[in-house]
Undergrad: 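Structure provided below as structure tokens; questions to follow.
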Number of protein chains: 2
Amino acid sequence: MINQPIVKPHIYGPGFDMDNYFKIAVSVDCVIFGFDDNVLKVLLIKCNLPEFENQWSLLGDLVRPEEDLDSASYRILKERTGLDDVYLEQVHTFGSLDRHPKGRVISTAFYSLVNIRHHQLKLSDNELHWHPVNEISEMAFDHKLILDTCYERMQQKIREEPIVFNLIEKKFSLRELQNLYEAILGLKLDRRNFRKKFFLTGLLLDTHELEKDVPHRPGRLYRFNKSKYIKLKKNYFGIDF
Amino acid sequence: MINQPIVKPHIYGPGFDMDNYFKIAVSVDCVIFGFDDNVLKVLLIKCNLPEFENQWSLLGDLVRPEEDLDSASYRILKERTGLDDVYLEQVHTFGSLDRHPKGRVISTAFYSLVNIRHHQLKLSDNELHWHPVNEISEMAFDHKLILDTCYERMQQKIREEPIVFNLIEKKFSLRELQNLYEAILGLKLDRRNFRKKFFLTGLLLDTHELEKDVPHRPGRLYRFNKSKYIKLKKNYFGIDF
DNA sequence: GCAAAAGTGTTCACATTACACCCATGG
DNA sequence: CCATGGGTGTAATGTGAACACTTTTGC
């Protein structure tokens with residue numbers, strides 16, 4: 001037998017008929033991060049496939065023909081959390097042959113940052129649950145790998161851009177903000193240096209309000225200076241006139 | 001009419017039949033970088049769709065049912081350049097509804113780094129051509145966007161890891177190495193600091209050979225200390241015993 | 001001996017880290 | 001008045017940027 005390469009229709013070649021080509025299912029999976037009780041958490045759902053009985057999986061769904069990948073992710077978030085103004089970032093596409101027991105499914109992974117407090121109502125579905133990120137070991141499919149990949153990417157990202165504000169209330173104390181960074185990065189930060197560094201960015205607006213009901217000196221509450229952040233981003237790319 | 005959400009079969013739900021679901025074609029596109037004549041180049045092919053007549057496109061193909069995404073990229077590289085030990089990194093998946101005129105195609109973009117000199121033979125296909133990255137304006141499909149995305153990611157990556165050695169000969173002078181970094185990053189570097197920084201990494205092995213046929217004092221030739229690099233990576237993750 | 005690039009160290013500015021004391025509030 | 005965390009500044013250290021002169025080769 002002669003060792004000849006199999007010739008298949010090329011997508012950019014003439015005579016290519018999309019409908020007669022094979023099928024691979026396309027899905028998205030969302031790693032939805034939340035922050036609660038000073039712990040970083042992720043929203044998971046009980047998997048109902050017999051192959052993964054009693055295991056947890058990410059929230060995902062097939063991509064519909066009339067929606068792009070981002071839209072599919074936003075749809076899932078909206079359906080599951082009721083939120084629609086969330087931070088969303090694409091991370092990686094997972095395409096191993098055997099990653100789904102029902103057939104060939106490739107899945108594009110996104111992570112998003114939401115405020116846990118803002119969607120309590122939708123949590124009625126008792127198959128949904130917030131899990132501390134650091135306590136998750138096994139998951140259905142390759143979802144542990146997806147979770148780890150997204151978590152690492154998110155850790156990287158918060159070192160570059162202040163996306164964490166999506167996880168907390170509009171008004172927050174510096175202590176809360178620092179707790180958040182420490183929970184995400186998994187390390188302790190110096191309180192004074194943290195404060196100094198953040199003020200230098202100019203991204204914090206003093207609300208002139210104070211914490212309430214704390215058993216110690218109350219801290220000031222701040223808001224995120226979003227417009228300044230947008231300006232800074234523009235300047236960084238040199239488009240500000 | 002009641003505003004009720006459309007219920008579609010859920011991929012993880014019971015009774016889901018993969019075959020009866022819709023079809024989205026899955027492809028990969030490769031941004032193949034090379035370095036020649038002190039210029040960063042990318043390998044493109046003439047697009048033969050009437051919609052993009054005379055425009056250039058990336059090398060890509062549909063993903064076959066029996067191969068994963070990485071394998072598809074390697075296959076394309078092998079087919080087009082004859083190389084099979086190349087650096088390859090997945091970057092992003094592009095899924096806009098209208099990105100392909102023939103139908104719904106989502107495409108996962110990879111970039112790879114190859115040595116232009118090592119595959120001259122396969123370039124016989126005169127539809128293939130190396131283009132200086134900085135001289136490309138228009139491309140077929142959304143390929144300019146894909147190229148830009150991959151280029152930015154690659155620029156980021158070489159600031160963190162010495163993947164550039166995939167682009168040059170085994171033996172090289174420091175000047176060549178610096179030219180490469182300057183071409184990729186698009187800026188001038190200080191010769192002395194560049195030299196200092198690289199020697200500190202310990203990733204350069206002196207071959208005790210010299211450049212030849214240069215009209216000035218010849219520089220020393222070095223090799224990349226790959227085993228040391230692998231060790232460093234392991235140590236970084238704390239797995240070295 | 002001249003042109004052209006190789007090879008080499010030191011200084012300076014800036015950014016990051018480490019660190020200690022007083023203050024405001026609730027109980 | 002005491003416990004708890006809020007609020008502030010300074011010194012030391014490390015890192016990256018700037019920079020000039022001598023050396024070696026080809027012509």
Side-chain angles (χ1 to χ4, degrees), chain A residues 35 37-39 155-156 158-162 168-169 171-224 232 235-236, chain B residues 35 37-39 155-156 158-162 168-169 171-225 232 236:
Chain A
F35 183 62
D37 203 17
N38 279 349
V39 174
Q155 286 181 318
Q156 185 59 36
I158 72 160
R159 290 172 176 277
E160 295 162 7
E161 288 187 46
I168 51 175
E169 301 291 338
K171 296 176 185 177
F172 50 86
S173 68
L174 270 173
R175 164 63 53 190
E176 289 174 291
L177 191 60
Q178 185 175 341
N179 285 343
L180 176 54
Y181 270 86
E182 291 179 344
I184 293 176
L185 295 174
L187 41 83
K188 286 284 164 202
L189 303 171
D190 182 273
R191 199 163 52 90
R192 288 156 291 192
N193 293 334
F194 181 82
R195 174 179 291 270
K196 204 188 313 170
K197 196 182 285 185
F198 243 109
F199 282 134
L200 278 176
T201 65
L203 292 175
L204 294 182
L205 287 173
D206 193 341
T207 65
H208 302 292
E209 294 175 56
L210 296 175
E211 287 180 301
K212 280 171 185 163
D213 302 320
V214 287
H216 54 77
R217 174 175 175 179
R220 290 187 188 176
L221 296 179
Y222 298 88
R223 283 187 302 114
F224 174 50
L232 281 175
N235 272 328
Y236 180 74
Chain B
F35 183 63
D37 205 17
N38 279 349
V39 174
Q155 286 181 318
Q156 185 59 37
I158 71 160
R159 291 173 175 275
E160 295 162 7
E161 289 187 45
I168 51 176
E169 301 292 338
K171 297 175 183 177
F172 50 85
S173 69
L174 269 173
R175 163 62 51 191
E176 288 173 290
L177 191 59
Q178 184 175 341
N179 285 342
L180 176 54
Y181 270 87
E182 290 179 344
I184 293 175
L185 295 174
L187 41 83
K188 287 284 164 203
L189 303 171
D190 183 273
R191 200 163 53 87
R192 289 156 292 192
N193 293 335
F194 181 82
R195 175 179 290 268
K196 202 187 315 167
K197 195 181 289 186
F198 244 109
F199 281 134
L200 277 175
T201 65
L203 293 175
L204 295 181
L205 289 172
D206 193 340
T207 66
H208 303 292
E209 294 175 57
L210 295 175
E211 287 182 300
K212 280 171 184 161
D213 303 320
V214 288
H216 54 79
R217 173 175 176 179
R220 290 187 187 176
L221 296 178
Y222 299 89
R223 282 187 302 114
F224 174 50
N225 192 338
L232 281 174
Y236 179 76

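A quick note: this is a predicted structure, and the numbers were derived from the prediction, not measured.
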Undergrad: When you look at A/Leu205 and A/Tyr222, which way does the side-chain contact (heavy atoms from CB on, under 4.5 Å) test go after all the steps?
TA: CA-CA 5 Å; A/Leu205 287 173; A/Tyr222 298 88; over 6 Å; no
Undergrad: Do you know the tightest heavy-atom contact between A/Arg159 and A/Leu187?
TA: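 For A/Arg159 and A/Leu187, the tightest heavy-atom pair comes out as NH2-CD2, 4.2 Å.
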Undergrad: Classify the nucleic acid contact of A/Arg175 as base, sugar-phosphate or nothing, counting any heavy atom under 4.0 Å across all strands shown.
TA: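 If one applies the 4.0 Å heavy-atom cut-off, A/Arg175 turns out to touch the sugar-phosphate alone, with no base involved.
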Undergrad: Can you tell me how far P of D/dT25 sits from CZ of B/Arg220, to the nearest Å?
TA: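 Atom CZ in B/Arg220 sits about 11 Å away from atom P in D/dT25.
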Undergrad: Apply the test side-chain contact (heavy atoms from CB on, under 4.5 Å) to residues B/Leu204 and B/Leu174: give CA-CA distance (whole Å), side-chain angles for both, the deciding distance (0.1 Å), then the verdict.
TA: CA-CA 10 Å; B/Leu204 295 181; B/Leu174 269 173; 3.8 Å; yes
Undergrad: Give A/Arg192 one of three labels, base, sugar-phosphate or nothing, depending on what nucleic acid heavy atoms sit under 4.0 Å from its own.
TA: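 The residue A/Arg192 makes base contact.
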Undergrad: Checking side-chain contact (heavy atoms from CB on, under 4.5 Å) for the pair B/His216/B/Glu211: CA distance, chi angles, key distance, verdict?
TA: CA-CA 10 Å; B/His216 54 79; B/Glu211 287 182 300; 4.3 Å; yes
Undergrad: What distance separates A/Arg195 CZ from A/Arg192 CZ, expressed to the nearest 0.5 Å?
TA: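 Here the interatomic distance stands at 11.0 Å.
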Undergrad: Measure the spacing between CG of B/Asp37 and CG of B/Asn179 and express it to the nearest 0.5 Å.
TA: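 That separation rounds to 10.5 Å.
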Undergrad: Nearest 0.5 angstrom please: B/Leu177 CG to B/Phe198 CZ, how far?
TA: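 Atom-to-atom, B/Leu177:CG and B/Phe198:CZ are 4.5 Å apart.
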Undergrad: Taking heavy atoms of chain A and a 4.0 Å limit, find me the 5'-most and 3'-most nucleotide of DNA chain C within that range.
TA: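 Listed 5' to 3', the contact boundaries are C/dT17 to C/dG26.
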Undergrad: Answer yes or no: side-chain N or O of B/Arg217 and base N or O of D/dT23 forming a donor-acceptor pair under 3.5 Å.
TA: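 It does, because a donor-acceptor pair links the side chain of B/Arg217 to the base of D/dT23 below 3.5 Å.
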Undergrad: May I ask you to list the residues of residues 183-191 of chain B, by number, that have any heavy atom positioned under 4.0 Å from an atom of DNA chain D?
TA: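 Heavy-atom cutoff 4.0 Å gives B/Asp190, B/Arg191.
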Undergrad: Look at the side chain of B/Glu176 and the backbone N and O of B/Ser173, then say whether any donor-acceptor pair between them is shorter than 3.5 Å.
TA: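 Such a contact is found between B/Glu176 side chain and B/Ser173 backbone.
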Undergrad: Assess whether side-chain contact (heavy atoms from CB on, under 4.5 Å) is satisfied between A/Arg220 and A/Leu210, documenting all intermediate values.
TA: CA-CA 5 Å; A/Arg220 290 187 188 176; A/Leu210 296 175; 4.0 Å; yes
Undergrad: By nearest atom, which of the nucleotides D/dG9, D/dA20, D/dT24 is closest to the A/Lys196 side chain?
TA: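 Among the listed nucleotides, the one closest to the side chain of A/Lys196 is D/dG9.
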Undergrad: Say you draw a straight line from CG of B/Leu180 to CD1 of B/Ile168; how long is it, rounded to the nearest 0.5 Å?
TA: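 With rounding to 0.5 Å, CG (B/Leu180) is 5.5 Å from CD1 (B/Ile168).
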Undergrad: To the nearest 0.5 Å, tell me how far A/Arg175 CZ sits from A/Phe194 CZ.
TA: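 Atom-to-atom, A/Arg175:CZ and A/Phe194:CZ are 9.5 Å apart.
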Undergrad: Atom CG of B/Asn193 and atom P of D/dA20: how far apart are they, to the nearest Å?
TA: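 Roughly 13 Å, once rounded to whole Å.
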Undergrad: Which ones in residues 201-216 of chain B lie close to DNA chain D, meaning a heavy atom under 4.0 Å from one of its atoms?
TA: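 Those residues whose heavy atoms fall under 4.0 Å from DNA chain D, taken from residues 201-216 of chain B in numerical order, are B/Val214, B/Pro215, B/His216.
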